[in-house]
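Only a predicted model underlies this, so the values are computations on that prediction, with no experimental measurement involved.
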Amino acid sequence: MAGLRLGPLLRYVDQRGAATVWVEADRPCTARVRCADGTEGSSRTFQIAGHHYALVPLAGLTPGTATAYEVLLDGRPVWPPPDSRFPTSTIPVPGPARLRVTFGSCRRAPEPGGTDALDALAAGLAADPEAERPDVLLLLGDQVYADSVSARTRRWLGARRDLRDAPGAQVADYEEYTRLYYESWFDPEVRWLLSTVPSCHIFDDHDVIDDWNTSAAWLAEMRATPWWQERVISGLMSYWVHQHLGNLSPAELAADPLYAAVRGTPDGTEALRAFAALADADPAAVRWSYRRDFGRTRLLMVDTRAARVLDEERRAMLDEGEARWLRAQLPAPGGCDHLLIGTSLPWLLPPLIHDAEGWDAALCAGSRGPRWARIGEKLRRRADLEHWAAFPASFEFLTELIVRAGSDPGAPATISVLSGDVHHAYVAEPFWPNSVPQLTARIAQLTCSPVHNSVPAPVRAGFRFGWSRFGRRLGRALARHGRVVRPPLDWRRTGGPWFGNQLMTLTLHGRSARLRLDRARRARGLRIGPVQLKTILDRPLTPDTTAGSIHPTETRH
């Protein structure tokens with residue numbers, strides 16, 4: 001008798017009534033999703049490394065409704081659990097009028113006493129079924145931490161192998177990756193939340209290892225270790241199964257040769273291993289980025305880890321094929337009201353950090369000679385200098401792409417770059433001091449992180465200093481030392497920085513947009529007890545009459 005091991009996760013949902021639901025069973029079986037309105041879908045499980053998964057497609061759901069559903073394995077109901085304290089899971093299909101997009105990144109598995117923003121969101125929605133809920137949840141990287149595990153997982157690893165052997169108390173293979181997903185997604189609140197709110201995912205470095213693909217020298221050192229190859233292949237395999245598949249539409253899944261190969265054999269492990277090995281050896285052969293259209297809102301989710309070109313002479317955040325793909329996905333004039341670019345790494349950083357990364361990139365490229373190049377490589381790794389600013393040509397490419405999309409006739413009302421990674425939240429908006437593009441779209445960098453993590457006090461102070469006037473001056477001095485040509489744009493911080501476990505929400509209605517930031521907190525003075533989301537920012541995002549410069553009203557609570 002088959003049982004439900006993990007899930008269900010409600011993944012793809014579109015405004016035409018198509019959806020997919022992901023599950024893991026404890027043995028081979030047929031998974032079926034049965035909706036209260038009579039809609040049904042089923043799929044046979046496929047096997048990877050002794051685990052059994054299914055992605056169940058649905059079609060014909062009614063737009064503007066939320067339909068209750070149940071999951072059956074070989075005809076036996078397994079979800080919702082009979083003793084569940086949560087409301088019935090539903091599949092909400094967005095209507096044409098409004099879209100709520102909630103996003104964040106960096107979620108460690110919850111420990112007792114933590115303040116997890118996803119837990120708090122789930123608790124709030126479960127307590128008030130009439131509360132406004134996201135139409136889609138964007139998880140922008142570091143959904144699991146392969147290189148920094150919880151005490152519980154460390155004990156589990158220690159019972160499995162000798163932690164004195166590399167990679168020590170980090171995951172080493174596919175089976176150990178599955179442990180991370182169980183720990184993260186089996187949390188009762190999050191399990192229910194992911195069963196009833198559609199989610200889109202992209203990886204960042206900790207999904208594999210800290211500073212993944214920082215530089216060619218870093219990668220060469222990793223490949224020389226005896227454990228790296230299994231680690232990266234297992235990381236990509238587990239990401240494909242647990243996260244990437246659900247990003248795809250039913251039509252994309254039907255056309256995917258790897259998905260067909262894995263489902264067409266009793267054991268798809270070797271086919272998936274070969275794919276992951278190819279993705280590691282030749283990143284240009286695989287695309288993890290994807291596009292989603294929600295009515296008149298377009299989301300472009302961009303891979304900023306695996307698609308990198310690390311050769312110092314051709315260094316780029318995106319390889320040529322990925323860059324062509326991203327350019328081709330820009331909406332046609334009048335094609336959408338809002339453009340969302342999801343990139344785990346922020347496009348616009350605190351100015352000091354941006355200039356420091358550009359300076360370091362110039363040193364590594366040899367602008368001050370071989371000795372400074374060696375110093376630059378050490379700094380790059382030690383200080384995590386590997387965001388868009390550390391790939392100057394790619395920063396320029398993305399900037400030009402955004403300007404093009406925002407100045408076309410019939411441009412979107414807003415272009416929002418949604419990011420995480422940096423363990424704090426802020427809003428930054430660009431302007432052009434010397435030459436103003438004829439922008440009609442409002443452009444903003446919206447950064448929200450972490451969902452569940454922490455930031456040491458010195459790092460908080462550093463981020464604040466990075467936005468300060470003196471920090472800007474110091475950054476410009478570094479840029480001059482590195483002989484870095486300054487970009488034509490500048491940017492100002494119009495919100496934040498905010499620290500804590502938090503989520504941002506964009507509410508898009510017609511050509512208007514509204515931004516909210518919620519922070520997870522306990523009642524003052526309590527170390528235990530329920531965690532709630534407290535709104536600390538709620539303001540409209542509306543076009544300004546001055547192109548490239550926006551001054552929105554902010555409300556603090």
Novice: Any carboxylate oxygen within less than 4.0 angstrom of a Lys/Arg side-chain nitrogen, looking at Glu386 and Arg380?
Specialist: no

Novice: State whether Asp74 and Arg76 are salt-bridged, where the test is any N-O pair (Lys NZ or Arg NE/NH1/NH2 against Asp/Glu carboxylate O) under 4.0 Å.
Specialist: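 Looking at Asp74 and Arg76, the cut-off is not met.
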
Novice: Please collect all salt bridge (charged side-chain N to carboxylate O under 4.0 Å, His left out) contacts where either partner lies in residues 52-71, sequence neighbours excluded, each pair once.
Specialist: Arg34-Glu70

Novice: If I take atom CG from residue Leu318 and atom CG from residue Leu398, how far apart are they, to the nearest 0.5 angstrom?
Specialist: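 Rounded to the nearest 0.5 Å, the CG-CG separation comes out at 8.0 Å.
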
Novice: In Å, rounded to the nearest 0.5 Å, how long is the span from OH of Tyr239 to CD1 of Ile202?
Specialist: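 It is 3.5 Å, given to the nearest 0.5 Å.
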
Novice: Salt-bridged, Asp210 to Arg381, with N to O below 4.0 Å?
Specialist: no

Novice: Answer with yes or no whether the side chains of Tyr181 and Gln143 bring together a donor and an acceptor at under 3.5 Å.
Specialist: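 On atom types as modelled, these side chains do not qualify, holding no pair under 3.5 Å.
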
Novice: Are Arg107 and Asp142 ion-paired here, with the side-chain N under 4.0 Å from a carboxylate O?
Specialist: no

Novice: With no hydrogens and no angle check, just 3.5 Å: does a side-chain donor-acceptor pair link Thr505 and Thr102?
Specialist: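 Thr102 and Thr505 do have a side-chain donor-acceptor pair below 3.5 Å.
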
Novice: Answer with yes or no whether the side chains of Ser195 and Ser89 bring together a donor and an acceptor at under 3.5 Å.
Specialist: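 Side chains of Ser89 and Ser195: pair found under 3.5 Å.
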
Novice: Hey, what's the ring geometry for Trp218 with Trp228, parallel, tilted or perpendicular (30° and 60° as the breaks)?
Specialist: perpendicular

Novice: For the residue pair Trp22 and His242, is the inter-centroid distance of their aromatic rings smaller than 6.0 Å?
Specialist: yes

Novice: Examine Tyr426 together with His424 and report whether their ring centres are nearer than 6.0 Å.
Specialist: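 Yes; His424 has its ring centre under 6.0 Å from that of Tyr426.
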
Novice: Please check if any side-chain donor atom of Thr304 sits under 3.5 Å from a side-chain acceptor atom of Ser344, or the reverse.
Specialist: yes

Novice: Should the ring pair Tyr174 and Tyr53 be called parallel, tilted or perpendicular, given that the plane angle runs from 0 to 90° and is split at 30 and 60?
Specialist: perpendicular

Novice: Less than 3.5 Å apart, any donor N or O on the side chain of Thr447 or Gln445 sitting next to an acceptor on the other?
Specialist: yes

Novice: Only counting residues at least two apart or in another chain, list the ones meeting side-chain contact (heavy atoms from CB on, under 4.5 Å) with Leu278.
Specialist: Asp282, Ala285

Novice: To the nearest 0.5 Å, how far apart are NE2 in His206 and CH2 in Trp212?
Specialist: 12.5 Å

Novice: Taking the six-membered ring for Trp, are Trp79 and Tyr69 ring centroids under 6.0 Å apart?
Specialist: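 Aromatic pair excluded; centres sit 6.0 Å or further apart.
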
Novice: Is the shortest heavy-atom distance from the side chain of Pro283 to the side chain of Arg308 under 4.5 Å?
Specialist: no

Novice: Is Arg516 salt-bridged to Asp518, cutoff N-O under 4.0 Å?
Specialist: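 Salt bridge flag = yes for Asp518 with Arg516.
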
Novice: Can you measure from CG (Leu245) to CG (Asp256) and round to the nearest 0.5 angstrom?
Specialist: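 Answer rounded to 0.5 Å: 7.5 Å.
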
Novice: Quick check, are the ring centers of Trp288 and His244 under 6.0 angstrom apart?
Specialist: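 Centroid separation for Trp288 and His244: below 6.0 Å.
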
Novice: Do the charged groups of Arg85 and Glu189 touch, with an N to O distance under 4.0 Å?
Specialist: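 A salt bridge links Arg85 with Glu189.
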
Novice: Using side-chain hydrogen bond (donor to acceptor under 3.5 Å, both in side chains), reason through Glu322 and Ser289 one step at a time and then give a plain yes or no.
Specialist: CA-CA 8 Å; Glu322 198 84 8; Ser289 301; 2.3 Å; yes

Novice: When you compare the side chain of Tyr12 with that of Pro57, does any pair of heavy atoms fall below 4.5 Å?
Specialist: no

Novice: Are any of the side-chain nitrogens in Asp147 or Arg231 under 4.0 Å away from the carboxylate oxygens of its partner?
Specialist: no

Novice: May I ask you to establish whether Arg108 and Tyr145 are in a cation-pi arrangement, using a distance under 6.0 Å from NZ or CZ to the six-membered ring centre and at most 45° from the ring axis?
Specialist: yes

Novice: Quick one, Asn501 with Thr115, criterion side-chain hydrogen bond (donor to acceptor under 3.5 Å, both in side chains). Give me CA distance, side-chain angles, the key distance, then yes/no.
Specialist: CA-CA 7 Å; Asn501 295 335; Thr115 54; 3.2 Å; yes

Novice: Apply side-chain hydrogen bond (donor to acceptor under 3.5 Å, both in side chains) to His51 and Glu24, showing your working.
Specialist: CA-CA 7 Å; His51 293 258; Glu24 181 184 354; 2.8 Å; yes

Novice: With the threshold set at 4.0 Å, does a side-chain nitrogen-carboxylate oxygen contact exist between Asp205 and Arg305?
Specialist: yes

Novice: Before accepting this row, confirm whether a basic side-chain N of the pair Arg5/Asp26 lies closer than 4.0 Å to the acidic partner's carboxylate O.
Specialist: no

Novice: Looking at every heavy atom in both Ala279 and Leu236, which two are closest together, and how far apart are they?
Specialist: CB-CD1, 4.0 Å

